[in-house]
A.B. asks: 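Structure below; questions to follow.
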Amino acid sequence: MDTSSRTALWHQFGAAIDMLDNALHACPEELWGDRTRQPQFWYLVYHTLFWLDLYLTGSLEGFSPPAPFTLSELDPAGVMPDRVYTREELAGYLQHGRAKCRSRLASLTPEEAGRRVDLDWLDLSFAELLLYNLRHVQHGAAQLNLILRQSTGSAPPWIAQVTGEA
């Protein structure tokens with residue numbers, strides 16, 4: 001991938017991650033851990049960050065989310081984490097994902113972009129997986145903003161792009 005393509009991809013990926021970050025921080029405390037609401041706000045944040053992390057890895061082999069997170073998100077039974085993750089824990093995971101995304105894009109070679117990913121449920125090149133991942137992050141941010149708008153009457157604004165090179 002050439003520099004301009006990597007930079008354009010980072011501008012949009014970074015914007016989607018920033019929108020997720022803004023939603024995470026805009027959530028009122030009473031909504032954050034409300035287990036009666038489906039989907040649960042904190043869980044949507046976690047789900048989006050877990051898959052951002054895994055898809056940036058591009059393979060289950062060698063993938064391990066940072067503590068305190070586990071691989072339970074991969075359980076086909078849909079097992080929820082045993083507790084509500086705090087805003088601070090998920091804000092840290094978001095920073096991890098942002099740094100990993102920027103680093104992966106900055107070092108992406110044409111060969112790596114074209115390689116097939118090693119995930120049983122997807123048959124994509126790594127470049128296409130990046131676009132798939134970007135769409136997933138934006139979808140998660142949009143769901144969170146909808147919950148915020150329905151619950152509080154407002155949500156963070158749209159972010160067109162981040163600045164800087166990947």
A.B. asks: Just wondering, do Leu105 and Leu130 contact through their side chains at under 4.5 Å, heavy atoms?
C.D. replies: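 Yes, side chains in contact.
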
A.B. asks: For Glu89, check salt bridge (Lys or Arg N to Asp or Glu O under 4.0 Å) against everything at least two apart and list the hits.
C.D. replies: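 Scan of Glu89 (salt bridge (Lys or Arg N to Asp or Glu O under 4.0 Å), adjacent residues dropped) gives Arg83.
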
A.B. asks: Looking at every heavy atom in both Leu129 and Gly58, which two are closest together, and how far apart are they?
C.D. replies: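 So the minimum-distance heavy-atom pair works out to CD2-CA, 4.0 Å.
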
A.B. asks: Find out if a path of hydrophobic residues (ILVMFWY) with successive side-chain heavy-atom gaps under 4.5 Å connects Trp10 to Leu56.
C.D. replies: yes

A.B. asks: To check you understand the geometry: which heavy-atom pair defines the closest contact between Arg115 and Thr57, and what is its length?
C.D. replies: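 Closest approach of Arg115 to Thr57, heavy atoms only: NH2-O, 3.8 Å.
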
A.B. asks: Taking side chain to side chain donor-acceptor pair (under 3.5 Å) as the test, write out the residues that go with Trp42, two or more places apart.
C.D. replies: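 With neighbours one apart ignored, the set is Gln40.
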
A.B. asks: Ser72: which residues meet the side chain to side chain donor-acceptor pair (under 3.5 Å) condition with it, sequence neighbours left out?
C.D. replies: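 Listed in chain order: Thr70.
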
A.B. asks: Can you tell me how far apart CD (Glu112) and OG (Ser125) are? Round to the nearest 0.5 Å.
C.D. replies: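 If I round to the nearest 0.5 Å, the distance is 11.0 Å.
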
A.B. asks: Measuring from Phe41:CZ to Leu144:CG, what's the distance to the nearest 0.5 Å?
C.D. replies: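 Answer rounded to 0.5 Å: 4.0 Å.
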
A.B. asks: Give a yes or no on whether the backbone of Ser103 and the side-chain of Ser107 come within a donor-acceptor separation of less than 3.5 Å.
C.D. replies: yes

A.B. asks: Any chain of hydrophobic side-chain contacts (each under 4.5 Å) joining Leu31 to Met80?
C.D. replies: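 Yes, Leu31 and Met80 fall within the same hydrophobic cluster.
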
A.B. asks: Please state whether the rings of Trp121 and Tyr55 are parallel, tilted or perpendicular, taking 30° and 60° as the class boundaries.
C.D. replies: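 Rings of Trp121 and Tyr55: tilted, as their planes differ by 30° to 60°.
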
A.B. asks: Do Val117 and Leu131 sit in the same hydrophobic cluster, where Ile, Leu, Val, Met, Phe, Trp and Tyr count as joined when their side-chain heavy atoms come under 4.5 Å apart?
C.D. replies: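 Per the 4.5 Å side-chain linkage, Val117 and Leu131 are co-clustered.
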
A.B. asks: Kindly compute the distance separating CD1 (Ile17) from CG (Asp21), expressed to the nearest 0.5 Å.
C.D. replies: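 So the CD1 of Ile17 and the CG of Asp21 are separated by 9.5 Å.
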
A.B. asks: According to salt bridge (Lys or Arg N to Asp or Glu O under 4.0 Å), who are the partners of Asp82, at least two apart in sequence or on a separate chain?
C.D. replies: none

A.B. asks: With side chain to side chain contact (heavy atoms under 4.5 Å, CB included) as the criterion, how do Leu71 and Leu60 come out once you've worked through the C-alpha distance, each side chain's angles and the decisive distance to 0.1 Å?
C.D. replies: CA-CA 10 Å; Leu71 295 173; Leu60 287 172; 6.0 Å; no

A.B. asks: Ignoring hydrogens and angles, state whether a donor on the side chain of Gln95 or Arg98 is under 3.5 Å from an acceptor on the partner side chain.
C.D. replies: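 Result is yes, a qualifying pair exists.
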
A.B. asks: Kindly state each residue pair satisfying ring pair (Phe, Tyr, Trp, His ring centres under 6.0 Å) with at least one member in residues 57-84, sequence neighbours excluded.
C.D. replies: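 Non-adjacent pairs meeting ring pair (Phe, Tyr, Trp, His ring centres under 6.0 Å): Tyr46-Phe69, Phe50-Phe63, Phe69-Tyr85, Phe69-Tyr93.
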
A.B. asks: Going by heavy atoms in the side chains, are Asn133 and Leu54 under 4.5 Å from each other?
C.D. replies: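 Result no, sub-4.5 Å side-chain heavy-atom pair not found.
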
A.B. asks: To check you understand the geometry: which heavy-atom pair defines the closest contact between Arg37 and Ile147, and what is its length?
C.D. replies: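 Heavy atoms only, the tightest pair is NE-CG2, 3.3 Å.
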
A.B. asks: So, using side chain to side chain donor-acceptor pair (under 3.5 Å) as the criterion, who are the partners of Tyr43 when residues are at least two apart?
C.D. replies: Glu73

A.B. asks: Using side chain to side chain donor-acceptor pair (under 3.5 Å) as the criterion, list what pairs up with Arg102, not counting sequence neighbours.
C.D. replies: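 Side chain to side chain donor-acceptor pair (under 3.5 Å) list for Arg102, sorted by chain: empty.
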
A.B. asks: Can you name the residues that form a side chain to side chain contact (heavy atoms under 4.5 Å, CB included) with Asn22, not counting sequence neighbours?
C.D. replies: Pro156, Ile159

A.B. asks: Please enumerate all residues that pass side chain to side chain contact (heavy atoms under 4.5 Å, CB included) together with Ala160, with sequence neighbours excluded.
C.D. replies: Trp158

A.B. asks: Answer whether the closest heavy-atom distance between the side chains of His136 and His47 falls below 4.5 Å.
C.D. replies: yes

A.B. asks: Before you tell me yes or no, could you show the steps for Leu49 and Val137 under side chain to side chain contact (heavy atoms under 4.5 Å, CB included), namely the whole-Å CA-CA distance, both residues' side-chain angles and the distance that decides it to 0.1 Å?
C.D. replies: CA-CA 8 Å; Leu49 292 171; Val137 172; over 6 Å; no

A.B. asks: Find the distance between CG (Leu124) and CG (Leu119) and round it off to the nearest 0.5 Å.
C.D. replies: 8.5 Å

A.B. asks: Residues in salt bridge (Lys or Arg N to Asp or Glu O under 4.0 Å) with Glu29, at least two apart?
C.D. replies: Arg87

A.B. asks: What's the shortest heavy-atom distance between Pro66 and Asp53, and which atoms?
C.D. replies: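 Heavy-atom minimum between the residues: CD-OD2, 3.7 Å.
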
A.B. asks: Tell me the closest heavy-atom pair linking Arg35 and Pro81, and the distance in Å.
C.D. replies: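 Closest approach of Arg35 to Pro81: NH2-O, 4.1 Å.
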
A.B. asks: Quick one: list whatever passes salt bridge (Lys or Arg N to Asp or Glu O under 4.0 Å) with Glu128, sequence neighbours left out.
C.D. replies: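 Partners of Glu128 by the salt bridge (Lys or Arg N to Asp or Glu O under 4.0 Å) criterion come out as none, since no residue qualifies.
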
A.B. asks: How many angstroms lie between CD in Gln143 and CG in Leu20, if you round to the nearest 0.5 Å?
C.D. replies: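 It comes to 11.0 Å.
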
A.B. asks: Please enumerate all residues that pass side chain to side chain contact (heavy atoms under 4.5 Å, CB included) together with Ser59, with sequence neighbours excluded.
C.D. replies: Glu61, Asp118

A.B. asks: Which value, rounded to the nearest 0.5 Å, describes the distance between Phe13 atom CZ and Gln161 atom CD?
C.D. replies: 15.5 Å

A.B. asks: Is Leu90 close to Trp32 at the side-chain level, that is, under 4.5 Å between some pair of heavy atoms?
C.D. replies: yes

A.B. asks: Looking only at heavy atoms, what is the nearest atom pair of Leu24 and Ala91, with distance?
C.D. replies: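 Here Leu24 and Ala91 meet closest at CD1-N, 3.9 Å.
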
A.B. asks: Is there a side-chain contact between Pro28 and Leu148 (heavy atoms, below 4.5 Å)?
C.D. replies: yes

